[in-house]
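Below, read A as the first sequence line, B as the second, and so on, with proteins coming before strands; counting in each chain starts at 1.
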Amino acid sequence: MTTSGIRVRFAPSPTGFLHLGGARTALFNYLFARHHKGTFVLRVEDTDQERSTGDSIQAIFDGLKWLSIDWDEGPFFQSKRLDLYRNAADRLLSEGKAYRCFCTPEELEERRKEAFAKGIPPRYDGRCRDRSHFPDIPHVLRFRTPDIPEIVVRDLIRGDMRFNGNLLDDWVIIRSDGYPTYNFAVVIDDLDMGISHVLRGDDHINNTPRQITLFEALGAPLPKFAHIPMIHGPDRAKLSKRHGATSVMAYHEMGYLPHALVNYIARLGWSHKDQEIFSRQELIDYFDLDHVGSSPAVFNPEKLLWLNAQYIRNEDPSTLSSELLPFLKPVRHPFSPGPDTKEPNLDRIVEEWKTRVRTLTELAEAVHPFRDQEFSYSSDAMEKHLIPDNKPLILLYSQRFSAISSWTRENLEEVLGSIGLECNLKLGKLAQPLRAALTGQNVSPGIYDVLLLLGRDEVLRRLDRALTFIGQHK
RNA sequence: GGUCCCAUCGUCUAGUGGCCCAGGACGCUGGCCUCUCACGCCGGAAACACGGGUUCGAAACCCGUUGGGACCA
């Protein structure tokens with residue numbers, strides 16, 4: 001698998017479902033790895049005991065699986081690698097690059113308030129740096145931040161970002177409970193896993209200077225960094241729960257196709273000339289960091305819907321049918337189309353509907369009257385077409401359809417044609433009442449397709465039902 | 001408040017100093033096709049945040065302003 005030295009990772013914290021932003025970060029890492037024939041590592045950053053849950057871990061796996069974003073190594077769990085962080089910290093301690101700090105949270109909070117009152121940025125003052133007495137009480141380990149005036153983050157997407165090194169304080173690397181802090185565990189893991197490129201959300205930009213000083217203190221080469229801009233909601237704030245559906249799996253439930261979502265999030269922040277629709281292979285072939293933009297993108301549900309519709313109508317009917325299965329409503333009153341027609345074939349129904357829907361949920365809704373005898377008449381259909389004036393026409397249909405020798409498109413066209421001539425009606429006037437009687441709607445696939453899909457027996461039954469209905473409601 | 005980032009149609013974006021009085025896509029909209037609705041096809045409205053530079057030439061480079069965002073507290 002690995003033929004290049006490129007190694008990337010997706011490192012989610014399991015504190016919720018996989019949201020769109022996380023999915024995109026995962027996707028970009030995946031695409032980058034596949035494009036360069038590198039290795040994609042999955043690492044679960046579950047050192048926050050309070051907020052990490054098993055359900056979240058499962059939700060993240062489910063989301064990645066649904067989107068077919070597969071990884072090469074892992075999943076690794078930080079909670080199972082505590083020794084690694086401990087050892088690294090001990091090494092720093094013995095080298096004098098870290099030290100024990102006995103300041104209590106209360107003391108720190110007080111000093112923070114004082115600093116705030118004086119209007120200076122609160123930062124640890126380093127008072128435990130050189131202490132020689134180590135009482136046997138709980139303490140944290142702090143990193144002895146080197147005195148560097150400026151730290152430059154070389155970012156593959158944004159270029160150089162300069163930070164004032166004097167603003168970094170001696171941050172905690174191991175908490176008093178023995179757990180590593182976020183920034184510490186990340187660096188130790190990226191190093192241990194040989195990560196060559198760190199592609200992550202740009203909400204981590206401000207963590208990078210600290211991480212760089214740690215890499216350097218460890219004598220380790222720096223990975224290359226690439227910070228991907230956030231995905232925003234319509235209010236231009238970071239996408240979150242209050243923006244509605246942000247869980248990847250929620251899109252599954254709403255009837256989106258996984259590749260449509262992948263295609264959509266790929267194009268959010270990345271582009272390849274004017275192309276909008278990409279196969280998985282094209283995504284892999286074309287993906288590059290040079291064309292990842294640097295400004296945040298606003299999530300647009302309309303465009304996702306359009307893409308989903310594209311994928312639905314380009315999918316072959318049998319694949320689509322099987323994807324549709326979980327969305328189908330139970331059929332309570334099945335019907336047999338009659339001797340001239342095969343069983344109502346889901347593939348054929350889907351074929352006729354797929355250019356008219358945008359989600360699998362809509363498709364399931366549309367398909368139902370073609371599988372179940374029970375359906376209701378829409379108010380439009382009742383007002384415009386299921387009216388006494390049309391009773392003779394519907395009766396005529398019933399008679400002529402009964403008389404057809406075989407139920408073929410040609411014969412049906414002939415029936416409608418001849419009725420049109422007899423009654424001096426154009427196809428428009430002929431088809432609508434028939435459509436309303438057969439489907440209960442003013443909108444459906446082509447009238448001949450509807451007739452063929454339902455079959456003679458069911459068509460005659462529905463015509464009878466319409467006649468009865470009109471009789472009762474004149 | 002501090003640090004950092006960002007800025008092309010409503011939205012996603014193309015654009016890497018002349019090909020741009022700015023191209024594509026979604027959405028909106030006029031029309032064609034047509035048995036309805038879609039699909040498809042043809043057209044339209046719609047943007048370089050502002051102000052200074054640099055340059056023969058700036059959407060692109062630099063500075064400032066404004067606006068937005070993220071992180072930390």
- prompt: Donor-acceptor pair under 3.5 Å: do we get one between A:Arg356's side chain and the base of B:C37?
  reply: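 Between B:C37 and A:Arg356, which were checked side chain against base, a qualifying N/O pair under 3.5 Å is present.
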Electrostatic pair A:Glu315-A:Arg313, nearest N-O below 4.0 angstrom: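 Looking at A:Arg313 together with A:Glu315, the answer is no, because their closest N to O distance does not fall below 4.0 Å.
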- request: Considering only NZ, NE, NH1 and NH2 on the basic side and carboxylate oxygens on the acidic side, decide whether A:Arg200 and A:Asp190 come within less than 4.0 Å.
  value: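 No, A:Arg200 and A:Asp190 are not salt-bridged.
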- prompt: For RNA chain B, what residues of residues 224-236 of chain A have any heavy atom nearer than 4.0 Å?
  reply: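 The answer is A:His232, A:Arg236.
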Base, sugar-phosphate alone, or nothing: which one does [X] contact when heavy atoms must sit under 4.0 Å apart?
| X | answer |
| --- | --- |
| A:Asp203 | sugar-phosphate |
| A:Phe163 | sugar-phosphate |
| A:Gly269 | sugar-phosphate |
| A:Gly446 | base |
| A:Leu167 | sugar-phosphate |
| A:Ser295 | sugar-phosphate |
| A:Pro445 | base |

Centroid-centroid distance, [X] to [Y], less than 6.0 Å:
| X | Y | answer |
| --- | --- | --- |
| A:Tyr256 | A:His252 | no |
| A:Phe287 | A:His35 | no |
| A:Phe375 | A:His368 | no |
| A:Phe278 | A:Trp270 | yes |

[X] has an atom [atom1]; how far is it from atom [atom2] of [N], in whole Å?
| X | N | atom1 | atom2 | answer |
| --- | --- | --- | --- | --- |
| A:Ile157 | B:A7 | CD1 | P | 12 Å |
| A:Lys273 | B:G15 | NZ | P | 9 Å |
| A:Asn206 | B:C6 | CG | P | 12 Å |
| A:Met161 | B:C6 | CE | C1' | 12 Å |
| A:His385 | B:C35 | NE2 | C1' | 11 Å |
| A:Gln432 | B:C35 | CD | C1' | 7 Å |
| A:Leu363 | B:C37 | CG | C1' | 15 Å |
| A:Asn164 | B:C71 | CG | C1' | 16 Å |

Whole-angstrom distance between [N] and [M], as gauged at atom [atom1]:
| N | M | atom1 | value |
| --- | --- | --- | --- |
| B:G31 | B:C37 | P | 13 Å |
| B:G18 | B:A7 | C1' | 24 Å |
| B:G68 | B:U8 | P | 15 Å |
| B:A58 | B:G52 | C1' | 14 Å |
| B:A14 | B:U34 | P | 40 Å |
| B:C9 | B:A49 | P | 7 Å |
| B:G23 | B:A47 | C1' | 12 Å |
| B:G51 | B:C33 | P | 48 Å |

- request: Can you run down the salt bridge (Lys or Arg N to Asp or Glu O under 4.0 Å) pairs that involve residues 257-273 of chain A, sequence neighbours left out, and say none if there aren't any?
  value: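 Residue pairs with at least one partner in residues 257-273 of chain A: A:Arg267-A:Glu276.
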query: Can you list every salt bridge (Lys or Arg N to Asp or Glu O under 4.0 Å) pair that touches residues 285-297 of chain A, not counting sequence neighbours?
result: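 Listed once each, the pairs would be none.
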Looking just at side-chain N and O atoms, do [X] and [Y] make a donor-acceptor pair shorter than 3.5 Å?
| X | Y | result |
| --- | --- | --- |
| A:Tyr85 | A:Asp189 | yes |
| A:Ser321 | A:Asp347 | yes |
| A:Asp316 | A:Ser318 | yes |

When both hydrogen-bonding distances must be under 3.5 Å and the geometry is Watson-Crick or G-U wobble, what is [N] paired with, if anything?
| N | value |
| --- | --- |
| B:C21 | none |
| B:G43 | B:U29 |
| B:C4 | B:G69 |
| B:A14 | none |
| B:G64 | B:C50 |

message: Within the 4.0 Å limit for protein heavy atoms, which parts of nucleotides 24-30 of chain B are touched? Write it as a string from 5' to 3', B for base, S for sugar-phosphate only, - for none.
response: BBSS---
query: Using a cut-off of less than 4.0 Å, is there contact between a side-chain N or O of A:Lys238 and OP1 or OP2 of B:C71?
result: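 A:Lys238 to B:C71 OP1/OP2: side-chain N or O found under 4.0 Å.
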message: Please determine whether a side-chain nitrogen or oxygen atom of A:Ser271 lies at a distance below 4.0 Å from atom OP1 or OP2 of B:A14.
response: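 A:Ser271 to B:A14 OP1/OP2: side-chain N or O found under 4.0 Å.
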Would you indicate which nucleotide in [options] comes nearest to any side-chain atom of [X]?
| X | options | result |
| --- | --- | --- |
| A:His291 | B:C71, B:G15, B:C5 | B:G15 |
| A:Val298 | B:U11, B:C5, B:U36 | B:U11 |
| A:Arg435 | B:C39, B:U3, B:U36 | B:U36 |
| A:Arg158 | B:A38, B:C5, B:C4 | B:C5 |

message: Show every side-chain hydrogen bond (donor to acceptor under 3.5 Å, both in side chains) that has at least one partner inside residues 434-450 of chain A, sequence neighbours left out.
response: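 Listed by first then second residue: A:Arg409-A:Asp449, A:Gln432-A:Arg435, A:Arg435-A:Ser444.
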Pairing residues for A:Tyr99 by the ring pair (Phe, Tyr, Trp, His ring centres under 6.0 Å) criterion, not counting sequence neighbours: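 A:Tyr99 satisfies ring pair (Phe, Tyr, Trp, His ring centres under 6.0 Å) with no other residue.
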message: Reading RNA chain B from 5' onward, which residue's closest nucleotide shows up sooner: A:Asn442 or A:Arg313?
response: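 Looking at the nearest nucleotide for each, A:Asn442 comes out on the 5' side.
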field: Nearest-nucleotide 5' precedence on RNA chain B, A:Val443 against A:Ala237
entry: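 Its nearest nucleotide being more 5', the pick is A:Val443.
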